[in-house]
Amino acid sequence: MPELPEVEVVRRGLERWIGGRTIAGAEVLHPRAIRRHLAGPVDFADRLRGLPFAAPRRRGKYLWLPLGDDAALLAHLGMSGQLLVQPGRAPDEKHLRVRITFTDAAAGELRFVDQRTFGGLSLHPLLGEGLPDVIAHIARDPLDPLFDEDAFHQALRRKRTTIKRALLDQSLISGVGNIYADEALWRTRLHYERPTATLTRPVTTELLTRVREVMTAALAVGGTSFDSLYVNVNGESGYFDRSLDVYGREDEPCRRCATPVRRRPWMNRSSYFCPKCQRPPR
DNA sequence: GGAAGCTCCTGAAAGC
DNA sequence: TGCTTTCAGGAGCTTC
């Protein structure tokens with residue numbers, strides 16, 4: 001499942017392989033893939049034709065390819081989205097949703113492949129700081145040098161919610177998904193249902209340190225892949241799943257205290273934690 | 001207005 | 001063997 005490290009791996013691949021290429025055409029094979037482009041597939045293809053891609057940018061789990069100074073192609077990978085750079089002669093993938101070709105045929109094609117169709121592409125105007133308008137509400141991510149730790153802590157203190165919900169709230173901190181939330185909470189010894197209003201500034205600082213730590217480590221090995229659903233632009237998987245401490249390790253011993261890791265249903269998904277290291281709140 | 005819950009979707013795995 | 005159910009989860013939308 002693509003979170004910040006996986007999206008950053010893809011962004012770097014796009015920068016290397018398609019930055020500066022001029023679009024020859026776009027083909028939408030599944031309308032749901034561009035559902036956030038309200039003007040529809042024909043407009044989507046018409047507006048892309050003839051434009052050059054500038055260097056890709058990212059905020060949290062969103063990445064975008066600027067097209068000149070005032071618009072961009074915005075991408076979100078959702079659960080299973082892949083942006084692949086493929087030779088034009090390569091056979092179509094089973095879940096190929098959008099194909100973008102370039103004037104330089106040697107550059108190959110940019111393909112958006114998405115089995116579960118939670119991801120998508122869309123075109124949007126850019127705001128003053130070069131951010132697509134529809135993601136203006138997305139907070140900076142913890143690897144962004146301009147991420148404001150103090151403002152984040154104050155926001156947590158104001159909220160009447162629990163820490164894992166807050167970590168997944170992209171308007172508070174972006175880029176964190178279910179896997180890295182569980183990993184960072186385990187490293188900080190925080191239970192996922194700890195009320196955010198009870199966090200002290202040192203605890204928030206420690207949590208942010210652990211979030212950055214786990215994301216940086218994942219980025220170094222190409223991200224986390226449990227299956228073929230997350231790959232980089234060349235179709236290769238990452239290796240961080242071998243380094244996960246709690247996520248997906250139900251009944252296996254905690255790597256700190258050997259207590260069996262627990263899994264609890266949580267918000268239509270799962271939370272993994274060590275019942276000894278991460279005591280529930282009173 | 002803020003917080004919680006629902007929904008979209010596909011295919012692998014589990015259950016019967 | 002084959003059918004049905006469960007599970008995975010990001011984020012926009014709806015409900016309370």
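All of these numbers come straight from a predicted model, not from anything done at the bench. Quick note on labels: first sequence line is chain A, next is B, and so on, each numbered from 1. Worth knowing before you read on, the calculation uses all heavy atoms, side chains too, and leaves out hydrogens, waters and symmetry mates.
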OP1 or OP2 of [N] versus the side-chain N and O atoms of [X]: is any pair under 4.0 Å?
X: A/Ser270; N: C/dA8; result: yes
X: A/Tyr62; N: C/dG12; result: yes
X: A/Thr161; N: B/dA4; result: yes
X: A/Lys159; N: B/dA3; result: yes
X: A/Gln170; N: C/dA11; result: yes

message: Please compare A/Lys94 and A/Arg158 by the position of their nearest nucleotide in DNA chain B and report the one closer to 5'.
response: A/Arg158
Measure the distance from [atom1] on [X] to [atom2] on [N] and round it to the nearest whole Å.
X: A/Arg269; N: B/dC8; atom1: CZ; atom2: C1'; answer: 13 Å
X: A/Arg165; N: C/dG10; atom1: CZ; atom2: P; answer: 14 Å
X: A/Arg59; N: C/dA11; atom1: CZ; atom2: C1'; answer: 17 Å
X: A/His76; N: C/dG10; atom1: NE2; atom2: P; answer: 8 Å
X: A/Asp182; N: C/dG10; atom1: CG; atom2: P; answer: 10 Å
X: A/Gln82; N: B/dT10; atom1: CD; atom2: P; answer: 16 Å
X: A/Arg36; N: C/dA11; atom1: CZ; atom2: P; answer: 9 Å
X: A/Arg32; N: B/dT10; atom1: CZ; atom2: P; answer: 8 Å

Using a 4.0 Å heavy-atom cut-off, does [X] contact any base of the nucleic acid, only the sugar-phosphate backbone, or nothing at all?
X: A/Asp114; result: nothing
X: A/His137; result: sugar-phosphate
X: A/Arg263; result: sugar-phosphate

Would you say the side-chain atoms of [X] pair up with the backbone N or O of [Y], donor to acceptor, closer than 3.5 Å?
X: A/Arg249; Y: A/Asp245; answer: yes
X: A/Arg11; Y: A/Pro56; answer: yes
X: A/Ser80; Y: A/Arg116; answer: yes

message: Please check if the number of heavy atoms outside A/Arg140 that lie under 6.0 Å from its CZ is greater than 12.
response: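 Atom CZ in A/Arg140 is packed in, count exceeds 12.
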From B/dC9, C/dG10, B/dC6, nucleotide with atom closest to A/Thr117 side chain: B/dC9
field: Closest to the A/Asn268 side chain, choosing from C/dA11, B/dC6, C/dA8
entry: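 Among the listed nucleotides, the one closest to the side chain of A/Asn268 is B/dC6.
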- request: Cation-pi check, A/Arg256 to A/Trp186: give yes when NZ or CZ is under 6.0 Å from the six-membered ring centre and within 45° of the ring axis, no otherwise.
  value: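 Satisfied, under 6.0 Å and within 45°.
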